[in-house]
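Worth knowing before you read on, the calculation uses all heavy atoms, side chains too, and leaves out hydrogens, waters and symmetry mates.
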Amino acid sequence: MPKIYLKPNVVFEPLINQWYAWSFLLQPATYALMLKQSHLRIMESFVKAPELHKRSAEKMAGGPFLNAGKEMVPHIQALLESSKEQGAALLRLADALRELDELLEREAHGDSLVPLYAQVPDPLKGLVELGYDLHGHATFRLMERLLYDSEYYLESLQSVNAFLADSDDRSFMLSTPRIPQLHMVQLRLPFRHPLYDELFASRRDGADPELIERLLRHAPEGESSRAAIESWFAPTPPATKTAAPIEDGRPVRVRYFNHATVLVETADFTLMTDPIVGYPLGQGNDPFTFADLPERIDYVLLTHNHQDHVVLESLLQLRHRIGTVVVPRSHAGFLQDPSIKLALQACGFERVMEVGEMESLSVPGGEIIALPFLGEHGDLHIAAKMGFVLKAAGKSMLFAADSNNVQQELYQRAEKIIGPIHTLFIGMECEGAPMSWLYGALLKQPLGRKFDQSRRLNGSDCERAWSLVQCFQPRQVFIYAMGAEPWLKFISSIDYTEQSLPIVESDKLIARCKAQDIWSERLYLKKEIRL
């Protein structure tokens, strides 16, 4: 029987309760607070003033404004009501987290915390450990693994929203839920389900046409979704653009896919950082797509737990190709620092390896070293953030991600261990959003505007990036992780001009590097780099 092949421009948005899924919506405690403090509030506000939301979303893409008109009010009202019903356990958990904060603030003044276990709110009993820090402040730690086995991890809320795309236009992920439209089909399957692997593998390998029947069983609209699902497939495989394998003795091949996504291919292995893969939309940008990837990706490196670096939309579509996912180790159980490993394991990734600061992982002909980075997290204590050094085939690369080099002595100490670096990739989104933009729902109480504006989610400016260059003495410096590609605006909300501070500062760094005979450029759209 002839096979069918998934078309290259079918978009698959992972959803949790109709909202675009990212790691903070996977972990039950962080999702409970996001649901109560963010999602419900946005939907309630929209129902009261839809036109205000529509106008504000058009002016400020990254704000807490739902991007829809008044015609969507009945749909959002229905989602609001179902969220309160289906998420009732999560809302109880959110209330319990705040009650526990109040209990510790009221009762814990240096005495033993053992008597307080009896007063832990019922939804949290058996899920927390109480303790003091060395300054005598009482807090709690979540038994995070148990949360994924509890009544608060609701796989029934997981789905994938699929549609044929002809533009990059998508509403901002943090403020607009995905309401089904005529050209869309939502597959009601948990992310870990193996049917997704079969579906995504059909891009390259093809599938039996019977796959359509099995997909239909998980589409709420049933038979009426047939035409849309059938439109995802073609009778012939898409043109593959995968480059020939690297032969022994040949140079390492490096491809910049967009944002913080870099594909490294050697004769012995393939590696990808912070995967985001674009779609061919025929708009002239011609991004690297799934067709440009090798059949297998031996290692995926995830630098930190932000929505533009742990991108489930791409990771789920690559799961069947990935060998090992390497992630930074979190603080284990603190709200602001959920485990990337546990979230990915819940999504069906079988081999996820955590690494701590300066730990290394052997790869064929080389090693991967995890490098700590400072900044970009609003001064919150967060451990799950690492840059990565890759040494292979006689070359060395540092993927510094969004590191804000606020203390150059950190990298001076690291350089004594790992030595000079041939190629540096550094993010320079040096303006950044206020801390509450991403973490506000987790705070015990709102942060004052003055403090919120000063504690930004920003990377290095020219001076701080130049200190990194001086430290590692690279031969080439690439500015990446800027979120400027047009297909990323729904994740990053970024729209630069020539006067934007990150552009001005990165231009200054490029000029300074070139003045010292160091090749440098700001990466955009795509690029193939020969080392």
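- For the residue pair Glu431 and Tyr496, no side-chain donor N or O sits within less than 3.5 Å of a side-chain acceptor on the partner.
- Arg92 is not listed as a side-chain neighbour of Asp95, based on a closest heavy-atom distance of 4.5 Å or more.
- More than 12 heavy atoms of other residues, nucleotides or ligands lie within 6.0 Å of CD in Glu210, so this atom counts as buried by the packing criterion.
- Using cut-offs of 30° and 60° on the angle between ring planes, the pair His304 and His306 is perpendicular.
- A donor-acceptor contact closer than 3.5 angstrom is absent between the side chains of Ser492 and Asp308.
- Within the 4.5 Å cutoff, no side-chain heavy atoms of Tyr279 are placed close to those of Thr289.
- Proximity of the aromatic rings of Tyr148 and Tyr153 is defined here by a centroid distance below 6.0 angstrom, and this criterion is met.
- Using modelled atom types and a 3.5 Å distance limit, the side chains of Glu221 and Gln186 yield no donor-acceptor pair.
- The aromatic ring centroids of Phe163 and Phe12 lie 6.0 Å or more from each other.
- The side chain to side chain contact (heavy atoms under 4.5 Å, CB included) with Gln336 is formed by just one residue from the set Leu380, Asn305, Leu443; it is Leu380.
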For this session: Before giving the answer on side-chain hydrogen bond (donor to acceptor under 3.5 Å, both in side chains), spell out for His309 and Asp274 the whole-Å C-alpha distance, their side-chain angles and the decisive distance to 0.1 Å.
Result: CA-CA 5 Å; His309 292 264; Asp274 294 341; 2.7 Å; yes
For this session: Begin from the C-alpha positions of Thr176 and Asn67 and carry the test side-chain hydrogen bond (donor to acceptor under 3.5 Å, both in side chains) through to its verdict.
Result: CA-CA 6 Å; Thr176 302; Asn67 184 26; 5.4 Å; no
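- A 4.5 Å side-chain heavy-atom check between Leu80 and Glu44 finds at least one atom pair inside the cut-off.
- Annotation: cation-pi geometry not satisfied between Lys527 and Tyr256 (NZ/CZ under 6.0 angstrom from ring centroid, within 45° of ring axis).
- Sorted by first and then second residue, the salt bridge (charged side-chain N to carboxylate O under 4.0 Å, His left out) pairs with a member in residues 178-194 read Glu13-Arg178, Glu155-Arg192; sequence neighbours excluded.
- Distance check: Arg98 CZ to Leu93 CG gives 10.5 Å after rounding to the nearest 0.5 Å.
- Taking the six-membered ring for Trp, Phe490 and Trp22 have ring centres at least 6.0 Å apart.
- Side chain of Thr273 to backbone of Val262: a donor-acceptor contact under 3.5 angstrom is found.
- Using a 30° and 60° split on the angle between ring planes, His53 and Phe46 fall in the perpendicular class, above 60°.
- Taken from CG in Leu124 to OH in Tyr152, the straight-line distance is 6.5 Å, to the nearest 0.5 Å.
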Exercise. Which is it for Glu313 and Tyr20 under the side-chain hydrogen bond (donor to acceptor under 3.5 Å, both in side chains) test, yes or no, and what are the steps along the way?
Worked result: CA-CA 9 Å; Glu313 178 174 329; Tyr20 192 92; 2.6 Å; yes
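- Atom CG of Leu100 and atom NZ of Lys125 lie 10.0 Å apart (nearest 0.5 Å).
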